[in-house]
Structure formats: C-alpha cells, structure tokens
Chemist: 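Got a structure here, written out as structure tokens. Questions coming.
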Amino acid sequence: MKKVTETFGSMVFDDRVMKSVLSAEIYRSLKKTIDEGAPLDAGVANAVAAAMKDWAVSKGATHYTHWFQPLTGITAEKHDSFISPSPDGSVIMEFSGKELLKGEPDASSFPSGGLRATFEARGYTAWDPTSYAFIKGKTLCIPTAFCSYGGHALDKKTPLLRSMEALNKQALRVLKLFGNDTVKRVVSSVGPEQEYFLITKEMYDARPDLRFCGRTLFGAKAPKGQEMDDHYFGAIKPRVAAYMEELNEELWKLGILAKTEHNEVAPAQHELAPIYTTTNVATDHNQLTMEIMQKVASKHGLVCLLHEKPFAGVNGSGKHNNWSIATDEGQNLLSPGETPYENAQFLLFLCAVIKAVDDYQDLLRISVATAGNDHRLGANEAPPAVISIFLGDELNGVLEAIENDTPYEGAQKTQMKLGVNVLPKFNRDTTDRNRTSPFAFTGNKFEFRMLGSSNSIACANIMLNAAVAESLKIYADRLEGEEDFETKLHEMIKKTIKDHKRIIFNGNGYDDAWIKEATEVRGLLNYRTTADCMPHLLDKKNADMLTAQKVFTVAELQSRCDIMLENYCKSVTIEANTMIDMAKTQIAPAVERFAADMARNAAAKKSLGLAISCDYEKELVKKLSDLTDCIAAKVNELQTAVASLGGAENIIAESVIIRDCVLPKMSELRAACDEAETITEKSYWPFPTYADILFSVR
Ligand code: ADP
Ligand code: MG
C-alpha cells in the first residue's frame with residue numbers, strides 16, 4: 001500500500017502540480033489571481049486549462065464538470081466529456097480556457113426563489129481559482145460560483161466569497177490603525193467537526209421513513225440508549241474502523257485534511273474533524289466529505305445518516321464550526337498576543353465578535369435553520385435556540401475589569417490605558433469544556449455549535465463574516481483619524497462590553513432557568529423554529545447590514561428566505577405523508593393482526609373449556625383496539641392538517657401551518673404508534689426497531 005504522504009492530494013490540481021506542469025510565467029499569473037484576485041487573461045486561462053486537462057487525463061479522467069453549490073444544500077455537477085472530433089474520425093481530448101472559466105448550466109432547474117422570474121432564466125458558473133480543481137471518479141471537478149446573468153448569486157459560494165472579502169476589507173482597516181501596514185490579506189478559516197450515524201443497509205432499506213426522510217418518524221425508545229456513556233470515545237468496532245480507514249484514504253486523495261475521528265455520545269454515532277483551512281475551501285471540503293461519507297458507507301454495506309435527528313431520545317448530529325481570522329503573515333487575530341498593542345488589538349477583534357453575535361443573533365439562528373435542525377436546538381443535548389457566547393472565567397474577568405475600570409488581578413504589572421496591558425496566557429485546555437454553549441471561545445477561535453450535521457457551512461460563515469465585518473467597519477470609522485487613539489480605543493472597547501455583555505453567558509446553556517433569564521431578563525431572542533426565524537432575514541436591520549457589506553442584494557435575501565421556507569414546508573410535508581402511509585399500511589394492520597390473533601387465542605382457550613378468565617388477552621386486545629382507533633383518528637387529523645396547507649396564502653403562512661398544525665399532529669400520531677410498538681409482539685412489528693437499528697453495526 002502507498003504511503004499517505006504519497007497519496008495525499010493525488011487527485012488535486014494543487015500548487016505542487018501547478019508548479020510542475022505550468023511554465024514559470026503562467027504559474028506566476030495564476031498565483032496572482034489566486035492570491036490577490038487579479039483577473040486572468042485568455043492566454044493564461046487556455047494554458048492552465050490545457051495543463052489541467054492533460055493532468056486529469058493522465059489520472060484517468062474523461063469528463064469535466066463545473067462543480068457548484070446551488071441553494072438546494074447539496075452540490076451540483078453536469079458532466080461534459082473532453083472529447084472533440086477530429087477530421088479523420090478519431091477524437092482528441094480538448095479543454096479550453098473558456099470552458100474552464102465559465103459554464104452555462106440550465107439555471108431553471110435549480111431553485112432561485114423568484115430570482116429567475118424577476119430577472120432571467122439563464123445562469124452561469126464561474127471558476128473559483130482559490131479552491132483547487134480535483135478528480136472525482138472519472139471527472140475533473142472545477143469549483144465554481146453560480147450566478148444569474150443579471151448578476152444575482154444563485155448559490156452559496158458567491159455570498160460566502162463576498163463575505164470573506166467584506167471581512168478582509170474591514171479587518172485591514174483596523175489592522176492599519178494598529179500600525180500593521182504590511183498585512184495584505186485577512187482571511188477567515190474554519191475547521192468543521194462533522195457528526196454522523198452509521199447503520200446497516202438492511203436496517204435502512206427496511207424503513208420507509210429512513211429512506212424518504214433520512215430520519216425515523218416512529219420508534220419506541222430502546223431499552224438501552226446512551227445512558228451509560230459507553231459509546232463516546234469508546235473502542236471503534238472493526239466494521240466501523242474499516243469504513244473510517246477507507247473514508248480517510250478517499251478524503252486524503254482529495255487533499256482533505258481528515259484528522260480526528262471518534263465515536264460520539266449516541267450509539268452508532270461518530271465524528272470526523274479535519275484540520276482547519278480557508279473558509280471557502282473548508283466549505284467545498286465539507287460538502288465533499290459528506291458526499292464521500294455516504295459513498296464509502298454504501299461500499300461497506302452501511303448507510304451514513306447525516307440528518308440532524310435520525311432517532312428520538314438519543315443525541316442528534318451537529319456540526320461544530322470552529323472559526324478564526326488570520327492575516328496572510330500567519331497572525332491569528334483571535335489569539336491573545338505578547339505585547340500590549342497586540343493585546344489591545346486582540347481585545348478589539350474579540351469585541352467585534354461579541355458585538356456581531358449580539359447584534360445579529362437572528363441572522364446566526366437563521367443561518368442554521370432547517371426542519372431537521374429544529375429538532376436539535378433546544379432539546380437537552382444540543383445548544384439551545386437562544387444564542388449566547390461563552391468566554392470562560394479568565395477572559396470574562398478581563399472584560400469585567402475593563403468595564404469597571406478595576407485592575408484585573410491576573411494582569412501583570414505594566415499598565416496601559418486599557419488597564420490590562422498584559423493578558424494572562426490562556427491555557428487552551430482550560431478555556432472551554434463547556435459543551436452547552438452555542439458560541440464558545442476556545443483559546444484562539446470561536447466554536448459555533450448550532451449548525452446541523454447536514455447543513456452547508458456556507459450560510460453560517462456568510463453571516464458570521466458579514467456581521468463581524470460590520471462591527472469592524474463601525475470601529476474603523478470611529479477610530480480612523482483619531483488623534484488620541486488609545487483613549488478612543490479604550491472607550492470603544494468599554495462601550496462594547498457595556499452594551500453587549502448580555503450576550504455573554506458562562507453557565508449551563510441546557511438549563512431551563514437560563515432560557516428564562518435570557519429571554520425575560522436579558523432580552524435575547526429565542527426563535528424555536530425555522531418558521532419563527534426565517535422571515536426576519538428581511539428585517540431592515542439585517543437587510544441594511546448585508547447589503548451595505550455587499551454580501552447579498554435585497555432580491556437575493558428574499559429568494560433565500562423563500563427557498564428556506566419552501567424547504568422547511570416540503571421536508572415536513574414529505575415526513576407527514578410518509579407517516580400517514582406507514583401508519584395506514586404497516587403499523588395499524590400489524591397491530592390489528594396481533595390483536596386478532598390474541599382474540600383468537602382467547603376464544604380457542606374458551607372453546608377448549610379451559611374457561612379461565614382470559615384477562616390477559618382481553619385487556620391486551622382492548623388496549624390494542626383502543627390504540628388502532630387512536631392511530632386511525634390521528635391519521636385523519638394529520639391528513640386534514642396536510643390538506644389545509646393548500647389554503648395557505650403564501651409560504652410564510654404555510655410554514656406557520658406546518659409549525660402549528662402539521663408537526664403537532666405528527667407527534668400525536670407517533671405517540672400512539674410508539675405506544676403500540678411497546679405492547680405488540682416483536683415478530684408482528686413491520687420494520688426494525690430502535691434496538692435493532694442502533695446496535696446493528698457490529
Ligand atoms: P474538539 O472536539 O475538542 O472541539 P476537535 O479536534 O474535534 O476538537 O476539533 C477542533 C477543530 O478546530 C478542528 O477541525 C481544528 O482544525 C479546528 N481548529 C483548530 N484551530 C483553529 C483555528 N485557529 N481556526 C479555525 N479552526 C481551528
Ligand atoms: Mg471534536
């Protein structure tokens with residue numbers, strides 16, 4: 001077997017390959033485009049395309065595709081082969097600069113949330129040279145952005161790149177104020193920890209709910225769940241280990257820095273974390289990771305579930321978005337520094353994040369809102385739907401000292417106006433083991449923990465980058481040209497702490513008392529569902545900021561709001577219809593059959609003259625009959641609720657019906673069916689139970 005160092009990135013047209021296959025001049029131009037966003041001229045594009053094609057063909061590729069991330073949440077690709085006929089009847093393999101730079105997929109087949117109707121149908125994909133091309137199967141994949149000809153973003157990558165640019169611009173202004181003149185670029189980086197479930201294919205195939213919805217819609221609790229905490233970090237079973245090994249190999253070939261893997265809290269739950277990288281690359285990589293996780297699973301007779309809540313009663317799956325900002329000189333701006341100036345600078349960036357998270361709590365909540373993730377947020381396992389920041393005692397102490405003009409005890413002797421000249425060294429391991437916070441400072445980065453496991457990380461990072469860019473802009477506007485910089489800086493940091501300390505919370509985020517305090521005393525937002533939060537995407541405050549930062553146009557925001565709500569309504573409607581179908585055609589008949597057999601047993605006993613009371617059978621048959629009646633009634637009610645969706649005036653009204661009528665009826669139907677499951681003899685039950693599924697991989 002080849003060494004990892006040899007196979008790593010072997011399917012990526014990365015810097016090493018570029019250097020070796022491009023002429024020095026072409027390489028230099030391309031590098032300028034990649035590093036500084038300089039436009040690429042046609043000659044260079046042709047040369048790069050030809051080299052890319054030769055490299056790809058040498059690796060066995062026959063096709064190429066512009067690979068992009070439409071608003072559906074998954075990636076899209078349309079394959080074209082390299083072949084081009086030549087006059088003698090043979091073919092040659094061709095790929096031009098034009099084909100590399102621009103593609104024209106049929107935009108009308110992707111959701112555009114009205115952008116298409118209002119503007120125009122045609123869209124195009126444009127090469128994102130900052131994310132390397134790679135080979136998947138026999139196809140050269142070229143990461144691209146997807147826009148309409150009217151200039152509207154039809155994808156997630158375009159706003160993400162814009163948000164990175166906004167952050168870069170404002171952070172550079174702030175760094176200049178601190179005398180940092182040599183920095184050319186500031187970029188945000190992300191390391192997303194990805195959780196998932198692995199179950200056997202047999203179990204998956206036997207459950208319509210898993211096949212259609214990715215989650216179980218019925219299922220009584222298994223006698224054993226996660227209560228023993230014996231799965232977390234437990235020994236990895238051989239079948240899972242074999243899966244992880246192949247997964248790593250596939251990811252490494254694509255240059256994805258898969259680094260850690262372990263079992264998670266729930267049975268059958270696992271996690272994979274890569275080493276962090278630039279946000280847009282991390283986003284591409286995470287999409288690929290999710291795709292390859294599923295592909296490799298099927299080779300092992302397994303299914304990888306990426307749904308946020310595949311099983312009730314055990315933990316759901318999230319994605320922790322570890323986020324930081326750094327300069328092209330390698331300085332992490334969220335890392336406390338060595339000198340007073342560096343520390344003041346760190347505090348200002350920290351304040352920018354605190355202000356951003358408080359001012360735009362709603363946008364962060366919206367960025368992770370899906371029907372699936374609504375089941376997690378606020379259930380006693382994942383961060384609540386209320387957003388707060390965990391800073392840890394040390395940093396909190398520093399901020400309190402600044403706010404109250406009192407010396408910070410941990411600070412060393414030298415003082416400057418900020419009062420905390422030298423910050424204590426944070427020991428990364430002690431900063432945070434608070435797993436209940438939705439947004440935690442972990443030494444030199446923030447960990448945003450509300451993302452659902454199937455979410456693209458693009459949305460969360462768009463909002464985070466944009467909101468922080470906005471804080472930095474406000475700071476830079478106030479500080480630029482200020483003569484007494486230190487005094488002003490001190491004042492501003494102090495003011496931010498005063499104004500925004502309500503968002504800082506170091507306690508237990510799962511505690512009901514916290515939710516009460518957060519909403520009633522501190523006035524923090526608590527949007528429990530997608531239907532609650534999504535319409536606020538268009539609130540004036542939010543639209544003003546996002547358009548000022550040039551991240552979205554108002555039309556783009558409207559389109560995203562519509563698409564996300566449509567998605568929410570469609571997912572839940574599919575679930576409701578699946579439930580109705582399973583209850584009617586599988587569960588109720590199974591319970592009936594069992595009840596009938598029981599009744600026959602009792603009659604048979606009687607006819608044998610054994611004539612005992614048959615209390616057991618009678619009681620059971622009665623209970624089962626009551627439950628089938630209840631199931632039938634609940635099915636009817638759910639059907640009525642689903643039918644009422646047709647009367648909704650618009651998508652917002654429809655989402656409210658989903659939230660207030662459909663979802664509650666689904667819970668009621670489930671409760672009746674789950675109860676029936678607990679008293680029906682197992683061999684009658686029409687599909688695998690939680691106990692079967694959760695412990696299926698051995
Ligand atoms: P834990 O489970 O303790 O949170 P993991 O090792 O599972 O830690 O994941 C931590 C993630 O944070 C990794 O993806 C890692 O690469 C990422 N990370 C580390 N430092 C930074 C940083 N400066 N910026 C962004 N992400 C980071
Ligand atoms: Mg982890």
Side-chain angles (χ1 to χ4, degrees), residues 8 160 163-164 167-168 171 185-196 229 231-234 236 244 247-248 251-252 255-266 269-290 293 315 317-337 342 345-346 349-350 352-353 381-383 389-392 395 425-451 453 455 457-458 460-462 464-465 468 509:
F8 186 84
L160 179 65
S163 76
M164 291 171 71
L167 185 63
N168 170 51
R185 253 193 110 67
V186 171
V187 287
S188 62
S189 298
V190 168
E193 299 165 58
Q194 175 74 48
E195 291 180 340
Y196 61 98
D229 282 330
H231 192 254
Y232 191 51
F233 280 27
I236 298 174
M244 286 177 169
L247 176 61
N248 280 337
L251 295 175
W252 289 336
I256 297 171
L257 293 152
K259 171 92 173 155
T260 39
E261 57 202 13
H262 55 79
N263 288 350
E264 262 299 331
V265 177
Q269 193 184 29
H270 312 279
E271 182 193 283
L272 179 143
I275 296 173
Y276 68 98
T277 180
T278 317
T279 307
N280 64 322
V281 175
T283 305
D284 287 356
H285 281 181
N286 183 249
Q287 287 301 137
L288 273 174
T289 300
M290 291 193 283
M293 274 178 161
N315 277 6
S317 297
K319 184 138 57 188
H320 293 175
N321 190 81
N322 294 273
W323 176 92
S324 67
I325 27 182
T327 68
D328 58 344
E329 295 174 347
Q331 187 191 9
N332 180 347
L333 299 171
L334 296 178
S335 199
E342 278 173 6
Q345 185 182 295
F346 160 73
F349 277 95
L350 180 74
V353 178
E381 54 166 278
I389 301 182
F390 172 90
L391 289 180
L395 200 47
K425 276 248 173 284
F426 300 114
N427 181 347
R428 247 168 252 174
D429 291 332
T430 62
T431 44
D432 170 50
R433 285 294 123 192
N434 181 340
R435 291 274 158 196
T436 65
S437 175
F439 202 97
F441 181 68
T442 48
N444 62 354
K445 60 182 162 70
F446 278 96
E447 190 169 336
F448 184 28
R449 301 189 176 128
M450 287 170 80
L451 287 77
S453 47
N455 285 169
I457 61 169
N461 288 294
I462 291 168
L464 200 49
N465 290 340
V468 174

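First listed ligand is number 1; within each ligand, the first listed atom is number 1. Atom set for the values below is all heavy atoms of this structure, side chains included, hydrogens, waters and symmetry mates excluded.
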Chemist: Distance under 4.0 Å to a non-hydrogen atom of Ile275: what atoms of ligand 1 satisfy this?
Modeler: 16 (O)
Chemist: Can you tell me if Glu447 has a non-hydrogen atom under 4.0 Å from ligand 1?
Modeler: yes
Chemist: Considering only heavy atoms, does Thr442 approach ligand 1 within less than 4.0 Å through its side chain, its backbone, both, or neither?
Modeler: neither
Chemist: State the atoms of ligand 1, each with its element, that fall below the 4.0 Å cut-off from a heavy-atom position in Asn332.
Modeler: 23 (N)
Chemist: With a cutoff of 4.0 Å, is Glu271 in contact with ligand 1, counting heavy atoms of the residue only?
Modeler: yes
Chemist: List ligand 1 atoms under 4.0 Å from Asn322, heavy atoms only on the residue side.
Modeler: 10 (C), 11 (C), 12 (O), 17 (C), 25 (C), 26 (N)
Chemist: Given 3.5 Å as the limit, does a donor-acceptor pair link the side chain of Ser324 with the main chain of Lys445, or not?
Modeler: no
Chemist: Would you say Trp323 and ligand 1 have an N/O pair spaced under 3.5 Å apart?
Modeler: no
Chemist: Below 4.0 angstrom from a heavy atom of Gly191, which ligand 1 atoms are there? Numbered from 1 as shown, please.
Modeler: 14 (O), 26 (N)
Chemist: Working to the nearest 0.5 Å, report the span between CD of Glu264 and CD of Glu195.
Modeler: 4.0 Å
Chemist: Are any of the N/O atoms in His262 less than 3.5 Å from those in ligand 1?
Modeler: no
Chemist: Please report the shortest heavy-atom distance between Phe349 and Ala171, naming the atom on each side.
Modeler: CE2-CB, 4.1 Å
Chemist: Has Asn321 got a side-chain atom pairing as donor or acceptor with Leu451's backbone, closer than 3.5 angstrom?
Modeler: no
Chemist: Does a donor on one side chain sit under 3.5 Å from an acceptor on the other, for Ser188 and Asn465?
Modeler: yes
Chemist: Evaluate the side chain to side chain contact (heavy atoms under 4.5 Å, CB included) criterion for residues Trp323 and Val468: first the C-alpha distance (whole Å), next the side-chain angles of each, then the deciding distance (0.1 Å), finally the verdict.
Modeler: CA-CA 12 Å; Trp323 176 92; Val468 174; 3.9 Å; yes
Chemist: Side chain, backbone, both or neither: which applies to His320 and ligand 1 if a contact is any heavy-atom pair less than 4.0 Å apart?
Modeler: neither
Chemist: Return the NE2 to CG distance between His270 and Leu247, rounded to the nearest 0.5 Å.
Modeler: 11.5 Å
Chemist: Of the listed options (Ser188, Pro274, Ser189), which comes nearest to atom 15 (C) of ligand 1 when hydrogens are ignored and any heavy atom counts?
Modeler: Pro274
